K.L.:
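Have a look at the structure that comes next, please.
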Amino acid sequence: MKMEQFNDRNVADNGYFLVDIEDYPTDGWGKFKRVVKRSFRGELFVGLWVVLREMIKFDIHTVQYPEEKLPIGPRYRAVHEMKRLWESDTERCIGCGLCEKICISDCIRMDTKIDENSRKEVSEYTINLGRCIFCGYCAEVCPELAITHGGEYENASQQREHFVDYEYMLTPIDKMKAGTQMEFEGFGAITPHEDERVKKTPLAY
Amino acid sequence: MDTAYLIETIIKVVVILLIFSALAGIGTYFERKILAFMQRRLGPMYVGPYGLLQVAADGIKLFTKEDIIPTNVVGPIFKIAPVITAATAFIAAAAIPFFPQFTIFGYTVHPIVADLNIGILYILGVMAVGLFGPLLGGMASANKFSLLSAARTAAVFISYEVVSGLSILAPIMMVGSLSLIDFNNYQTGGISHWIIWSQPVAFVLFWIAAFAETGRTPFHLIANDHEIIDGFGTEYSGMRWGLFFIGEYANMFFISFVIPLIFLGGYGDGSLLGALGLIGKVAFFFFFFLWTRAAWPDVRPDQLMWLCWKVLMPLAVINVVITGLVMMF
Ligand code: SF4
Ligand code: SF4
């Protein structure tokens with residue numbers, strides 16, 4: 001799907017123009033003239049022709065939803081995903097807890113432990129989607145680009161409390177092996193050409 | 001009255017009732033589909049192939065829904081109002097010749113229930129009584145929107161009635177009879193004999209009045225969903241609401257029969273081709289009702305009254321006078 005036409009906010013260049021509206025008549029004769037003009041100008045037939053033309057063209061725009069779906073933008077903020085490192089396939093999350101801290105609706109709960117290699121590891125991690133407002137703060141704050149938003153928006157549930165846990169969000173290992181993990185382009189993601197723009201830290205301090 | 005005539009009439013009544021009740025249902029299907037296509041949608045698609053069984057689903061829903069009489073309504077009037085709308089629509093059909101007469105098993109059938117000598121007056125009169133349904137239903141309901149709708153019904157009632165009556169007067173003067181069969185026979189000479197060529201103004205006026213009569217879109221102000229919810233139908237549910245619905249659609253079909261019969265030659269000389277021609281004309285007028293609904297905006301009640309009293313009625317009177325002068329000299 002092409003986004004350019006929607007991202008272009010410069011409406012003046014998009015064919016907008018001021019409509020030429022005549023002053024309303026105030027006296028009886030002017031009103032009478034307007035009635036006659038409107039009656040015989042055939043504006044009603046223009047309307048009839050427009051809808052008939054659309055019917056003949058049969059250019060149907062209906063999306064039959066459960067069978068067909070519209071593509072959603074890559075920046076869309078739906079149910080979260082946990083990414084893996086491209087290099088080693090291990091989880092990106094380092095258990096820093098920033099996402100839990102920043103979450104304004106307090107819907108992330110996590111717990112960490114020290115694993116056998118003396119590294120911090122996530123032991124519990126759930127997001128209550130009934131509370132989440134999909135603001136994107138967690139994805140923005142994450143230093144490791146670990147938690148991001150995905151495109152899964154069909155999360156109707158029988159109760160308000162509806163949780164997703166770490167295993168559910170984590171990129172499956174077979175998908176990772178196949179190299180089909182998608183990077184998120186929204187909040188907190190690396191902007192394109194980041195390498196060229198980044199300034200080297202001066203070493204002499 | 002002999003028995004054969006009685007039996008024939010009863011059969012005709014039953015056939016007309018069944019066909020037009022079914023047509024009212026199928027009419028809703030066409031309405032949804034055509035409106036959808038004109039608005040680049042698909043319309044009903046899920047029930048049956050291309051949504052064809054949607055009509056059946058709606059019928060089942062209407063029949064099995066609970067019949068609610070809300071508190072605070074005036075019970076008897078509330079109950080009788082939908083019946084008035086549906087019944088008068090069908091009663092009016094008694095004087096409409098739907099087909100030329102034909103012979104089946106050596107028996108000549110006149111596809112008209114009663115060829116009254118005041119046919120057209122009878123049809124217009126009884127159809128007008130149908131507006132008592134919205135009027136009474138709206139006043140018997142206990143909410144403001146229904147009451148508004150009832151007031152609008154009265155406004156529509158006094159506006160269009162005078163136009164339809166006066167506009168039809170000029171053709172009546174030409175034909176010299178009120179029976180629709182006489183109207184048809186007057187125009188059997190082919191397209192050049194159609195009354196529309198000699199009475200174009202009357203044709204347009206009557207057509208406009210037909211929109212007000214059936215309450216279709218440019219004049220859909222009695223039950224205008226986006227202003228007054230469903231107007232008189234707000235408190236109705238189930239089959240009582242369905243009766244209003246059937247009445248409205250049957251009225252549309254019947255008026256679509258009346259316009260071609262009066263102005264467009266009807267079924268012509270009575271051959272099969274003529275009968276098919278009449279069906280084609282009816283289909284066009286029915287389609288036009290749906291077409292305008294997709295294309296045109298609604299007018300306000302005051303605009304409708306302005307239109308009927310200040311524009312259409314003078315035009316109709318002038319038309320009658322000119323017709324009289326032309327006939328006199
Ligand atoms: S999107 Fe916002 S509300 Fe949802 S988990 Fe992240 S920070 Fe919390
Ligand atoms: S998801 Fe990101 S912010 Fe949250 S604990 Fe893991 S690394 Fe920290």
Side-chain angles (χ1 to χ4, degrees), chain A residues 1-6 14-73 153-156, chain B residues 30-51 54 163 200-201 204-205 207-208 211 216-220 283-300 302-316 318:
Chain A
M1 197 166 71
K2 291 213 175 55
M3 295 299 202
E4 283 83 41
Q5 55 165 323
F6 300 112
N14 281 347
Y16 280 73
F17 58 92
L18 274 179
V19 182
D20 187 24
I21 300 176
E22 297 170 30
D23 288 338
Y24 288 125
T26 45
D27 55 336
W29 175 240
K31 281 183 187 163
F32 179 74
K33 274 198 298 188
R34 187 177 64 170
V35 168
V36 173
K37 204 166 95 191
R38 285 183 175 174
S39 307
F40 291 102
R41 208 160 54 176
E43 281 167 339
L44 289 175
F45 296 97
V46 176
L48 286 178
W49 162 243
V50 167
V51 289
L52 189 71
R53 185 188 64 205
E54 293 306 322
M55 183 168 151
I56 295 168
K57 270 206 272 179
F58 208 68
D59 182 18
I60 300 293
H61 288 210
T62 302
V63 177
Q64 293 185 278
Y65 164 60
E67 280 107 53
E68 305 168 8
K69 284 177 193 166
L70 287 176
I72 57 168
Y153 54 85
E154 290 169 316
N155 44 358
Chain B
F30 283 126
E31 166 148 37
R32 288 186 201 178
K33 274 293 189 194
I34 288 172
L35 278 182
F37 292 157
M38 286 181 168
Q39 298 161 350
R40 296 195 198 151
R41 293 183 288 113
L42 274 175
M45 281 300 280
Y46 277 89
V47 196
Y50 299 101
Q54 184 71 45
V163 177
V201 178
V204 173
L205 294 186
W207 204 0
I208 293 175
F211 275 92
R216 297 296 300 185
T217 267
F219 309 130
H220 185 236
F284 170 76
F285 280 102
F286 187 75
F287 176 75
F288 199 82
F289 276 122
L290 313 183
W291 194 2
T292 54
R293 186 169 177 190
W296 291 350
D298 273 312
V299 300
R300 294 193 310 262
D302 63 315
Q303 286 171 331
L304 173 67
M305 285 189 276
W306 172 86
L307 181 74
C308 283
W309 285 104
K310 288 195 183 166
V311 181
L312 301 184
M313 193 191 71
L315 279 180
I318 293 170

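Sequence lines set the chain letters: A, B, ... in the order given, protein chains first and strands last, and positions in each chain run from 1. On a predicted model such as this, the values are computed, not experimentally measured, just so you know.
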K.L.:
Do you know the tightest heavy-atom contact between B:Ala294 and A:Val51?
P.N.:
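Looks like O-CG1, 3.7 Å.
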K.L.:
Kindly write out the residues that satisfy side chain to side chain contact (heavy atoms under 4.5 Å, CB included) with A:Phe45, not counting sequence neighbours, or none if the list is empty.
P.N.:
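Partners of A:Phe45 by the side chain to side chain contact (heavy atoms under 4.5 Å, CB included) criterion, ordered by chain and then number, come out as A:Leu48.
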K.L.:
Could you show, one pair per line, the donor-acceptor contacts under 3.5 Å between chain B and chain A?
P.N.:
from	atom 1	to	atom 2	distance (Å)
B:Arg40	O	A:His61	N	3.0
B:Arg40	NE	A:Glu54	OE1	2.8
B:Arg40	NH2	A:Glu54	OE1	3.4
B:Leu42	N	A:Thr62	OG1	3.0
B:Tyr46	OH	A:Glu67	OE1	3.4
B:Trp291	NE1	A:Leu48	O	3.0
B:Trp296	NE1	A:Leu44	O	3.0

K.L.:
Taking all atoms of both residues into account, what is the closest heavy-atom pair of B:Phe219 and B:Val299, and its distance?
P.N.:
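Reported closest heavy-atom pair: CD2-CG2, 3.6 Å.
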K.L.:
Can you measure from CD1 (B:Ile208) to CG (B:Leu312) and round to the nearest 0.5 angstrom?
P.N.:
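Result: 5.0 Å between the selected atoms.
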K.L.:
Under 4.5 Å from any heavy atom of chain B, what part of A:Leu52 do you find: side chain, backbone, both or neither?
P.N.:
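Both parts, backbone and side chain.
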K.L.:
CZ of B:Phe30: more than 12 outside heavy atoms within 6.0 angstrom?
P.N.:
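No.
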K.L.:
Chain B heavy atoms under 4.5 Å from A:Val63: which part of the residue, side chain, backbone, both or neither?
P.N.:
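It is neither, since no heavy atom gets under 4.5 Å.
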K.L.:
Heavy atoms only: give me the nearest B:Ala36-B:Gly43 pair and the separation to one decimal.
P.N.:
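So the two residues come closest at CB-N, 3.3 Å.
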